[in-house]
Protein chains: 2
Amino acid sequence: MLLTMSRNPEEPVYNRIEEARAALGLSRQDLADKTGVHYQTIGYLEREEYSPSLVLAIRIAKSLNQEVSELFSLTPFKKGK
Amino acid sequence: MLLTMSRNPEEPVYNRIEEARAALGLSRQDLADKTGVHYQTIGYLEREEYSPSLVLAIRIAKSLNQEVSELFSLTPFKKGK
DNA sequence: ATGCTATGTAGCATTAATGCAACATCTAGG
DNA sequence: CCTAGATGTTGCATTAATGCTACATAGCAT
């Protein structure tokens, strides 16, 4: 089909993907490859322009050796790990 | 828009929603109300006709006093709790 | 039997998540 | 300076997730 203007849903999910990814020295492309998604998708998630599906969240957590609950939250994360 | 025939995605997520819900003596309608979704949505999830968004998974886990990882998995659950 | 509750099934509308492509920008190296 | 890599931005197509409505069925009451 055509149209729609997604980007920026009403229900954001906070995440620490960028920190966790940087801690492992991975580029977005690297993480995208490990996870099996487009590298832009990682970017959108890090910028919190939309929230992932549960499957994607689980796969990303696995790629980063983290628990889903450590990486994603409905409430903002505190600064620092 | 129109059309589409969702139901039954390519990537299922296994879950224990039904068991956890029953353990608390809640009907689907009860859980749907607590979670803020349509009661049919709970049914689709229990029958694994599609997998939830991350936000919904988190909210459901919270409604059932469970961890996301205890309730959802990319691999099938063993029988019994 | 009648009725009520829980559940399954089917369709359709709307919106979000994802892929992908084409750019722009910025920075680190050579 | 030039180039390459990483990241941000915009647009559009496709598909999944969700809401909602309606109806069927099965069980359990009264």
Side-chain angles (χ1 to χ4, degrees), chain A residues 1-64 68 71-75, chain B residues 1-64 68 71-75:
Chain A
M1 308 257 71
L2 64 151
L3 76 123
T4 47
M5 271 248 64
S6 303
R7 308 320 180 209
N8 282 78
E10 2 69 82
E11 282 195 286
V13 172
Y14 302 92
N15 73 77
R16 280 174 162 160
I17 297 177
E18 186 163 20
E19 298 87 320
R21 174 174 65 77
L24 294 180
L26 300 173
S27 70
R28 288 183 183 169
Q29 183 67 67
D30 294 333
L31 177 56
D33 292 344
K34 275 190 80 166
T35 311
V37 293
H38 196 86
Y39 81 101
Q40 300 283 38
T41 297
I42 304 295
Y44 286 124
L45 294 178
E46 290 189 354
R47 279 176 254 121
E48 284 160 0
E49 290 188 37
Y50 59 56
S51 48
S53 64
L54 177 59
V55 278
L56 183 51
I58 294 178
R59 292 212 308 254
I60 290 178
K62 189 162 307 184
S63 295
L64 294 172
V68 170
L71 217 47
F72 301 94
S73 170
L74 295 186
T75 54
Chain B
M1 306 259 70
L2 64 152
L3 75 124
T4 46
M5 270 248 64
S6 304
R7 307 320 180 208
N8 281 76
E10 3 69 82
E11 283 196 286
V13 172
Y14 302 92
N15 72 76
R16 279 174 162 161
I17 297 177
E18 186 162 21
E19 297 88 319
R21 175 174 64 76
L24 294 181
L26 299 174
S27 69
R28 288 183 182 168
Q29 183 68 66
D30 293 333
L31 178 55
D33 292 343
K34 273 190 81 165
T35 311
V37 294
H38 196 87
Y39 80 100
Q40 300 284 39
T41 297
I42 303 295
Y44 286 125
L45 294 179
E46 291 189 354
R47 281 175 253 122
E48 283 159 3
E49 290 187 38
Y50 59 57
S51 48
S53 65
L54 177 60
V55 278
L56 183 51
I58 295 177
R59 292 212 306 254
I60 289 178
K62 188 162 307 185
S63 295
L64 294 173
V68 171
L71 216 48
F72 301 95
S73 170
L74 295 186
T75 54

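Below, chains carry the letters A, B, ... as their sequence lines are ordered, and counting in each starts from 1.
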> Going by modelled atom types, is there a donor-acceptor pair between the base of D:dT18 and the side chain of B:Q40 at under 3.5 Å?
Replying inline: no

> Starting at CG of B:L54 and ending at C1' of C:dA16, how long is that distance when rounded to a whole Å?
Replying inline: 13 Å

> Once you round it to whole Å, what is the distance between P of D:dA17 and CZ of B:R47?
Replying inline: 14 Å

>> Looking at B:R21 and B:E46, is any side-chain nitrogen of the basic one under 4.0 Å from a carboxylate oxygen of the acidic one?
In response: yes

> How far does CG of A:L64 sit from CD of A:E19, to the nearest 0.5 angstrom?
Replying inline: 10.5 Å

> Starting at NE2 of A:H38 and ending at P of C:dA21, how long is that distance when rounded to a whole Å?
Replying inline: 7 Å

> Please give, in whole Å, the distance from C:dT5 P to B:Q29 CD?
Replying inline: 11 Å

> Using a distance-only test with no angle check, is there a side-chain donor-acceptor pair under 3.5 angstrom linking A:T35 and A:S63?
Replying inline: yes

> Could one point to a donor on the side chain of A:Y44 or the base of D:dT10 with an acceptor on the other under 3.5 Å away?
Replying inline: yes

> Hey, does the Lys NZ or Arg CZ of B:R16 hover above the aromatic six-ring of B:Y14, less than 6.0 Å from the centre and inside 45° of the axis?
Replying inline: no

> Taking atom C1' of C:dT7 as reference, at what distance in whole Å does atom CD of B:E48 sit?
Replying inline: 16 Å

> Picking from D:dA22, C:dA6, C:dA22, which would you name as closest to the side chain of B:Y39?
Replying inline: D:dA22

> So which nucleotide from C:dG8, D:dA17, D:dT9 ends up closest to the side chain of B:S53?
Replying inline: D:dA17

> Please give, in whole Å, the distance from C:dA6 P to B:I42 CD1?
Replying inline: 14 Å

>> Whole angstroms only, please: what is the CG-P distance between A:D33 and C:dT18?
In response: 17 Å

> Mind checking whether B:N15 and B:I60 have side chains closer than 4.5 Å, heavy atoms only?
Replying inline: no

> Side-chain N or O of B:R21 less than 4.0 angstrom from OP1 or OP2 on C:dT7?
Replying inline: yes

> Do the side-chain N or O atoms of A:R59 get closer than 4.0 angstrom to the phosphate oxygens (OP1, OP2) of C:dT18?
Replying inline: no

>> Quick check on DNA chain C: between B:D30 and A:L56, whose nearest nucleotide comes earlier from the 5' end?
In response: B:D30

> When the distance from OH of A:Y50 to P of D:dA17 is rounded to whole Å, what number comes out?
Replying inline: 14 Å

